[in-house]
Amino acid sequence: KRANSADRCEYWLRKMIDANHSNNYYQGEKNFIAKPNVQTYNLIMDAHIQLSDAPRVQDMLLEMDATNGLIPPNSESFSKVIRAWNLDELHEKQYGLPGSSVENAWRWLDELLQRERKGDVDLGPAPELFSSILKTAARSSARGENMLTVGLA
């Protein structure tokens with residue numbers, strides 16, 4: 001895992017997006033560059049997970065959401081964001097205060113469940129995601145109200 005591997009992946013994602021933008025090629029000209037899809041984003045999310053960059057993993061999901069249904073995130077995308085925040089909680093150089101990463105993971109699980117109820121996303125292994133959050137909370141050095149909130153929910 002190279003330090004710039006996720007950046008290189010994102011560079012190629014931007015190239016794919018630019019190449020497939022309707023204003024970038026003349027009418028009748030064929031474009032042989034593949035369009036990005038949910039698997040493209042999920043691979044880039046994996047690269048950021050390997051670098052312990054939970055905020056960037058989350059940003060990739062938010063970027064998919066911003067496509068207004070062109071590239072909708074799937075349950076695997078949500079799972080990756082939840083896993084990234086769980087790993088961040090246990091990482092020495094944590095992104096936020098102790099417990100805040102577990103709260104982020106919980107919020108994303110809740111978002112996934114809400115979307116499943118609406119029929120937006122096919123729900124994946126929700127019990128597994130729930131138990132992973134609880135296990136992370138148990139191993140976290142955080143103590144206090146924020147951890148109780150996750151446990152009671």
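Computation of the quantities below employed the complete heavy-atom set of this structure, encompassing side-chain atoms and omitting hydrogens, waters and symmetry-equivalent molecules.
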- prompt: Roughly how far apart are N86 CG and S132 OG, rounded to 0.5 Å?
  reply: 4.5 Å
statement: Between the CZ atom in R14 and the SG atom in C9, the distance rounded to the nearest 0.5 Å is 11.5 Å
- prompt: Given the rule in the side chain to side chain contact (heavy atoms under 4.5 Å, CB included) test, do E63 and T67 qualify, once you have shown the distances and angles that lead to the verdict?
  reply: CA-CA 7 Å; E63 187 174 318; T67 65; 5.6 Å; no
message: If you compare all heavy atoms of S77 against all heavy atoms of M64, which two are closest, and at what distance to 0.1 Å?
response: OG-CE, 3.4 Å
statement: Residue set satisfying salt bridge (charged side-chain N to carboxylate O under 4.0 Å, His left out) with D110, at least two apart, ordered chain then number -> none
field: Gap separating the CG atom of L13 from the CG atom of D18, nearest 0.5 angstrom
entry: 9.5 Å
Contact check, side chains of I33 and K15, non-hydrogen atoms, under 4.5 Å: no
Residue pair S79 / L129: nearest heavy atoms and the distance that separates them: OG-CD2, 3.5 Å
message: Could you tell me if E103 and W85 have a donor-acceptor pair between their side chains, going purely by distance under 3.5 Å?
response: no
- line: Here the pair of heavy atoms bringing A84 nearest to A54 is O-CB, 3.6 Å
message: Can you list everything that forms a side chain to side chain contact (heavy atoms under 4.5 Å, CB included) with L87? Sequence neighbours excluded, please.
response: I49, R83
query: Quick one: does M45's side chain get under 4.5 Å of E76's, heavy atoms only?
result: no
field: V38 reachable from W12 in the ILVMFWY side-chain graph, under 4.5 Å edges
entry: no
- request: Determine whether the side chains of N104 and S101 contain a donor N or O and an acceptor N or O closer than 3.5 Å.
  value: no
- request: Give a yes or no on whether the backbone of T136 and the side-chain of S140 come within a donor-acceptor separation of less than 3.5 Å.
  value: no
message: Using 0.5 Å steps for rounding, measure from the CD1 atom of I82 to the CZ atom of F130.
response: 11.5 Å
query: How long is the span from the CD1 atom in I71 to the NZ atom in K35, to the nearest 0.5 Å?
result: 9.5 Å
task: Rounded to the nearest 0.5 Å, what's the gap from OG1 on T40 to CE on M16? Could you check?
output: 4.5 Å
task: May I ask whether L70 and I44 are part of the same hydrophobic cluster, defined by side-chain heavy atoms of I, L, V, M, F, W, Y residues being less than 4.5 angstrom apart, directly or through others?
output: yes
field: SB check E111 R107 (cutoff 4.0 Å)
entry: no
field: Q58/D88 under side chain to side chain contact (heavy atoms under 4.5 Å, CB included): CA gap, chis, key distance, verdict
entry: CA-CA 12 Å; Q58 178 176 293; D88 185 71; over 6 Å; no
query: Can you name the nearest heavy-atom pair linking W108 to V81, along with the distance?
result: CD1-CG1, 3.4 Å
message: Is there a side chain to side chain contact (heavy atoms under 4.5 Å, CB included) between L90 and R139? Walk through the geometry before answering.
response: CA-CA 7 Å; L90 301 174; R139 285 187 250 148; 3.6 Å; yes
message: Looking at R115 and D65, is any side-chain nitrogen of the basic one under 4.0 Å from a carboxylate oxygen of the acidic one?
response: yes
query: Is a donor on one side and an acceptor on the other found under 3.5 Å between the side chain of E89 and the backbone of G99?
result: yes
query: Do L109 and L62 belong together in a cluster built from hydrophobic side chains that touch within less than 4.5 Å?
result: yes
task: Would you indicate whether the side-chain heavy atoms of M60 and H48 approach each other to under 4.5 Å?
output: yes
